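Taking it in order: structure first as structure tokens, then the write-up.
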Amino acid sequence: MSSAVSQEDLDAVAAQLGREPRGVLEIAYRSPDGKPGVVKTAPKLPDGTPFPTLYYLTDPRLTAEASRQESAGVMREMTLRLSEDEDLAAGYRRAHESYLAERNEIESLGTDFTGGGMPDRVKCLHVLIAHSLAKGPGLNPLGDESVALAAENRLRGTAIPADWPTIAELRGETA
């Protein structure tokens with residue numbers, strides 16, 4: 001659930017990032033403990049620089065987890081699955097198209113680049129996690145899985161909603 005951005009939010013995000021945030025349109029996701037976790041950013045920064053990353057992960061717990069997953073090879077495994085699973089690839093393409101359409105509603109950058117490697121590969125879990133948290137489960141299948149992995153790594157109920165689906169639930173696996 002997104003919310004308007006206040007000066008208090010901007011101050012919190014600045015503390016999270018260690019720098020002043022730029023182009024913030026709204027807080028796109030707050031963690032269960034109330035902290036900003038994802039900001040929605042303008043397609044162009046105030047100085048006119050294009051910024052195609054619509055959703056930007058700010059919560060240090062989540063950014064550390066995204067980096068941990070990247071180091072553990074999660075991106076390689078996900079990219080391989082994209083080449084083998086047509087349904088997964090189609091869902092990931094839909095996420096890309098939704099992301100692009102939403103960004104273009106704000107301002108078109110004249111490009112179909114969305115970030116995170118969408119729609120053909122997985123290049124940045126930070127972007128995918130941010131997208132899934134901002135939109136909720138069901139839009140970005142690989143972002144959703146990355147959030148589920150983060151939830152399993154002791155972030156459920158603090159940085160991640162307590163009711164976020166598990167990997168097994170997301171993949172339609174039965175217990």
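Just so it is clear, the structure is predicted and the values come from calculations on it, not from any experiment. Excluded from the calculations below are hydrogen atoms, water molecules and symmetry mates; all remaining heavy atoms, backbone and side chain alike, are included.
- With respect to the salt-bridge test (charged N to carboxylate O, under 4.0 angstrom), the residues Arg154 and Glu65 do not qualify.
- There is no path of hydrophobic side-chain contacts, each under 4.5 Å, that joins Ile167 to Leu139.
- With a 4.5 Å cut-off on side-chain heavy atoms, Pro161 and Tyr29 count as touching.
- Distance alone, capped at 3.5 Å, is enough to place a donor-acceptor pair between the His126 side chain and the Thr63 backbone.
- A salt bridge is absent between Arg94 and Glu97; no separation between the charged side-chain nitrogens and carboxylate oxygens falls under 4.0 Å.
- Contact annotation: the side chain of Lys135 never approaches that of Asn140 to less than 4.5 Å [non-hydrogen atoms, C-beta and beyond].
- No donor-acceptor pair under 3.5 Å is formed between the side chain of Tyr92 and the backbone N or O of Pro141.
- Note that the OG atom of Ser31 and the CG atom of Leu62 stand 7.5 Å from one another [nearest 0.5 Å].
- The side-chain heavy atoms of Ile106 and Leu25, taken from C-beta on, include a pair separated by under 4.5 Å.
- Atom NZ of Lys40 and atom OG1 of Thr53 lie 14.0 Å apart (nearest 0.5 Å).
- Heavy-atom neighbours of Glu84 CD from other residues, nucleotides or ligands within 6.0 Å: above the threshold of 12.
- Remark: the backbone N or O of Tyr99 is not paired with any side-chain donor or acceptor of Thr114 at under 3.5 angstrom.
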Query raised in the report: Stepwise, does the side-chain contact (heavy atoms from CB on, under 4.5 Å) test hold for Arg93 with Met118?
Result: CA-CA 7 Å; Arg93 177 162 293 285; Met118 291 187 284; over 6 Å; no
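- Criterion: ILVMFWY side-chain heavy atoms under 4.5 Å apart, direct or through other members. Under it, Val127 and Leu100 are not part of a common hydrophobic cluster.
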Query - Step-by-step salt bridge (charged side-chain N to carboxylate O under 4.0 Å, His left out) determination, Lys35 to Asp9 - result: CA-CA 9 Å; Lys35 297 176 181 166; Asp9 290 331; over 6 Å; no
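- When hydrophobic clusters are built by joining Ile, Leu, Val, Met, Phe, Trp and Tyr residues whose side-chain heavy atoms come closer than 4.5 Å, directly or via intermediates, Leu88 is grouped together with Leu125.
- Cluster annotation: Leu80 is not connected to Leu170 through the hydrophobic network of ILVMFWY side chains, with a link wherever side-chain heavy atoms come within less than 4.5 Å.
- Listed for the Ser71 side chain is a donor-acceptor partner under 3.5 Å among the backbone atoms of Ser67.
- Thr79 places a side-chain N or O within donor-acceptor distance of the main-chain N or O of Val122, the cut-off being under 3.5 Å.
- At a threshold of 4.5 Å between non-hydrogen side-chain atoms, the residues Leu142 and Arg81 count as touching.
- Minimum interatomic distance between Pro46 and Gly23 (heavy atoms only, all atoms of both residues): CD-N, 3.9 Å.
- Under the 4.0 Å criterion applied to side-chain N and carboxylate O atoms, Arg156 and Glu152 are not assigned as salt-bridge partners.
- Counting heavy atoms from C-beta outward, Glu145 and Met78 have side chains that approach closer than 4.5 Å.
- Using a 4.5 Å heavy-atom threshold, the side chains of Val38 and Tyr56 count as separate.
- Taking CZ of Arg121 as the reference point, atom CG of Leu82 lies at 11.5 Å (rounded to 0.5 Å).
- The minimum heavy-atom distance between Leu109 and Lys44, with the atom names listed, is CD2-CG, 3.7 Å.
- At a threshold of 4.5 Å between side-chain heavy atoms, the hydrophobic network of Ile, Leu, Val, Met, Phe, Trp and Tyr places Leu10 and Ile27 in one connected group.
- With a 6.0 Å radius and a threshold of 12 heavy atoms from other residues, nucleotides or ligands, Gln7 has its CD atom above the threshold.
- In this structure, the side chains of Pro43 and Phe51 stay at 4.5 Å or more apart for every pair of heavy atoms.
- Between His131 and Tyr55, the ring-plane angle classifies as parallel under the 30° and 60° cut-offs.
- For Asp144 and Ser132, the side-chain atoms include at least one donor-acceptor pair closer than 3.5 Å.
- Taking every heavy atom of both residues into account, Gln16 and Pro60 meet most closely at CG-CD, 3.8 Å.
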Query raised in the report: Run the side-chain contact (heavy atoms from CB on, under 4.5 Å) check on Thr158 and Arg61 step by step: do they pass?
Result: CA-CA 9 Å; Thr158 56; Arg61 299 167 295 183; 3.9 Å; yes
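- Using modelled atom types, no side-chain atom of Arg19 and backbone atom of Ala14 make a donor-acceptor pair closer than 3.5 Å.
- Side-chain atoms of Glu26 never come within 3.5 Å of backbone atoms of Val39 as a donor-acceptor pair (strictly under, hydrogens ignored).
- A side chain to side chain contact (heavy atoms under 4.5 Å, CB included) with Gln69 is found for exactly one of Leu149, Asn153, Leu128, namely Leu149.
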